[in-house]
Amino acid sequence: MAKKAKSIQNIKGMPDILPSVSGQWQYLEKTLADMMAGYGYREIRMPIVESTDLFKRSIGEVTDIVEKEMYTFSDRNNESLTLRPEGTAGCVRAALQNGLLDNQAQQRLWYQGPMFRYEKPQKGRQRQFNQMGVETFGIATPDIDAELITIAWRFLQKLGLTEHVKLEINSIGSLDARNAFKAALVEYLSVFKDDLDEDSQRRLDSNPLRILDSKSEKTQAILVNAPDLHDFLDDESKQDFQQLCQMLDAVDIRYTVNNRLVRGLDYYNKTVFEWVTTDLGAQGTICAGGRYDSLVEQLGGKSVPAVGFAMGVERLNLLLDTVNPIQNDPQQVDVYFIISGDNATVRQAMVMAENLRQAMPQLKMISHCGGGSFKSQMKKADKSGAKIALIAGSDEVEKSEVSIKPLRGEFGEGQKTVAVQDLASLLTSMLSDK
Ligand code: ATP
Ligand code: MG
């Protein structure tokens, strides 16, 4: 006897999104697409694989992502490729390469899709995860920063999540200001070097700003008396930040200024922000963004100001599951079409079903396939969650009729038989205003 083959499992940290939950994903995606259209943003779709250099040059060699999280491999031509760990780099690359930034054009773009990072999988942290990202180019003033934060807020509001998230904002200033601060921070922390956590000791040389993010209590205690970034900010950054705060006040968006917020990636300047929740344990950041005025130039273009953000879709879904599960399932069917009879009956019923779909383009209907008794089909109809069953047996089909049976109280009682030509209008009225 042949041995049963060992089944193959998914890759750790790269879960399936099953039909039972994909409805909520579709709802999120549609809500985002509608919202972005409302603000005049256009969708861009970038490849999932890019040259490794793109991420090294943009994200920065000494960041967590580039140092230890990238899925990098050689293709058959020995070119080093990387599964994108985030969307901004690819978006800038695509915009530059295709002339979207030429002639001082302004661009408002959005995208969504899978990202890949080799991390320790846990709740809200995966190796393949999805981001919804928004990027704008060519606008240097803080009105666009405020617009982006407003969009994120409206989106969260639409999902019923605004009570469960907090907005933190900060300005990390110009590159010069940041370098001056960095030097002062290193000088201060060097005295305590041996007391810092291991990661922070390493970062003291490579990426000292990240130490501000440290989760170690001991390190945080040392940081209490560290120099304050705000004392180093250049005037322009200060003014822009003040304006941003005033604009957020004007549209009633509440925020906290967190002067420890620096963001993990190298390319940010001036405004940085995060939406955080306390409902998801350690993986609390659901949306993060900021200004990155030097990135386009760093990737070979002219200097083009830019600002954007990315939301983690898994974390959004987790938060929705905990506080506000989406009831509206776009995949829910309205009608289950029961077809019971010989081949001729099945053929005629198929024609009926197709005509009905033409007459009712919004209708969501499963046509039964695979035969079986009326009773077993009825069970499937119930299980499908449909509101109404249509029944075509040989008697009905012969007379160009079909029976209608509501499966849930609010769609009527009892079974009735109608002529096929009246079916669409009757079904339409039964399904409307429910
Ligand atoms: P974290 O500090 O949680 O690792 P990050 O700073 O690395 O986040 P960003 O690069 O700013 O994250 O990505 C934007 C958003 O994408 C995050 O706020 C989060 O919601 C989501 N995200 C990032 N990494 C993951 C992951 N491994 N799994 C699921 N979601 C993620
Ligand atoms: Mg990370």
Side-chain angles (χ1 to χ4, degrees), residues 10-17 25 28 32 55 58-60 62-71 82-92 110-135 148-149 151-153 155-156 159 161 164-170 172 199 203 207 209-216 258 260-268 271-292 295 306-322:
N10 70 307
I11 304 301
K12 191 172 155 199
M14 303 194 177
D16 302 301
I17 296 166
W25 282 77
L28 276 180
L32 178 78
F55 302 114
S58 57
I59 297 170
V62 292
T63 53
D64 282 354
I65 293 182
V66 173
E67 272 183 345
K68 49 187 189 201
E69 294 176 0
M70 294 208 300
Y71 278 91
T82 294
L83 299 184
R84 62 182 187 193
E86 52 106 58
T88 304
C91 186
V92 171
W110 68 275
Y111 55 82
Q112 57 143 7
M115 308 294 160
F116 302 82
R117 295 183 194 178
Y118 194 82
E119 298 199 70
K120 189 162 165 258
Q122 52 201 291
K123 184 181 170 194
R125 190 174 296 285
Q126 300 177 179
R127 291 181 173 176
Q128 174 171 342
F129 63 99
N130 287 268
Q131 283 186 343
M132 293 174 160
V134 182
E135 317 285 356
L148 284 171
I149 290 174
I151 289 172
W153 187 76
F155 183 68
L156 295 165
L159 300 176
L161 297 178
H164 305 275
V165 291
K166 286 211 163 64
L167 170 63
E168 298 191 344
I169 59 175
N170 193 23
I172 57 173
D199 272 345
R203 285 176 177 148
N207 196 354
L209 288 185
R210 284 305 308 275
I211 298 175
L212 300 180
D213 275 345
S214 167
K215 305 240 152 60
S216 146
N258 173 0
R260 290 281 164 79
L261 185 65
V262 290
R263 307 284 313 122
L265 314 185
D266 264 4
Y267 52 57
Y268 287 108
T271 311
V272 292
F273 58 94
E274 285 191 358
W275 293 89
V276 289
T277 176
T278 49
D279 293 328
L280 293 181
Q283 274 54 253
T285 307
I286 58 166
C287 173
R291 188 165 269 288
Y292 51 95
L295 183 59
V307 48
F309 68 76
M311 283 183 289
V313 190
E314 279 75 11
R315 292 185 195 176
L316 271 178
N317 271 303
L318 281 170
L319 191 56
L320 278 174
D321 293 342
T322 348

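Here the structure is a predicted model, which means the values were calculated and not measured. When a ligand or atom number is given, it counts from 1 through the structure's own listing order.
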Keeping Arg84 on the side-chain end and Pro114 on the backbone end, is there a donor-acceptor pair under 3.5 Å?
yes

Please compare Arg125, Gln283, Gln128, Glu314 and report which has the shortest non-hydrogen distance to atom 3 (O) of ligand 1.
Arg125

With a heavy-atom distance limit of 4.0 Å, tell me whether Thr285 approaches ligand 1 through its side chain, its backbone, both, or neither.
both

Out of all atoms in ligand 1, which are within 4.0 Å of some heavy atom of Ala310? Include the element for each.
14 (C), 15 (C)

Under 3.5 Å, is there a donor-acceptor pair between the side chain of Arg315 and the main chain of Gly124?
yes

Is it true that Arg203 and Asp64 have a side-chain N and a carboxylate O under 4.0 angstrom from each other?
yes

From the options Lys120, Lys123, Arg117, Arg127, select the one whose nearest heavy atom is closest to atom 5 (P) of ligand 1.
Arg117

Consider side-chain contact (heavy atoms from CB on, under 4.5 Å). Of Leu316, Leu161, Thr285, Ile149, which one does Trp275 pass it with?
Ile149

Can you list everything that forms a side-chain hydrogen bond (donor to acceptor under 3.5 Å, both in side chains) with Ser216? Sequence neighbours excluded, please.
Thr219

Those residues at least two apart in sequence (or on a different chain) that pass side-chain hydrogen bond (donor to acceptor under 3.5 Å, both in side chains) with Arg125 are Glu119, Gln283

Numbered atoms of ligand 1 (with element) below 4.0 Å of Ala288, judged on heavy atoms:
11 (O)

Just heavy atoms, cut-off under 4.0 Å: does Gln131 contact ligand 1 by side chain, backbone, both, or neither?
side chain

Mark the output for Glu119 as yes if a heavy-atom distance to ligand 1 is under 4.0 Å, and as no if none is.
yes

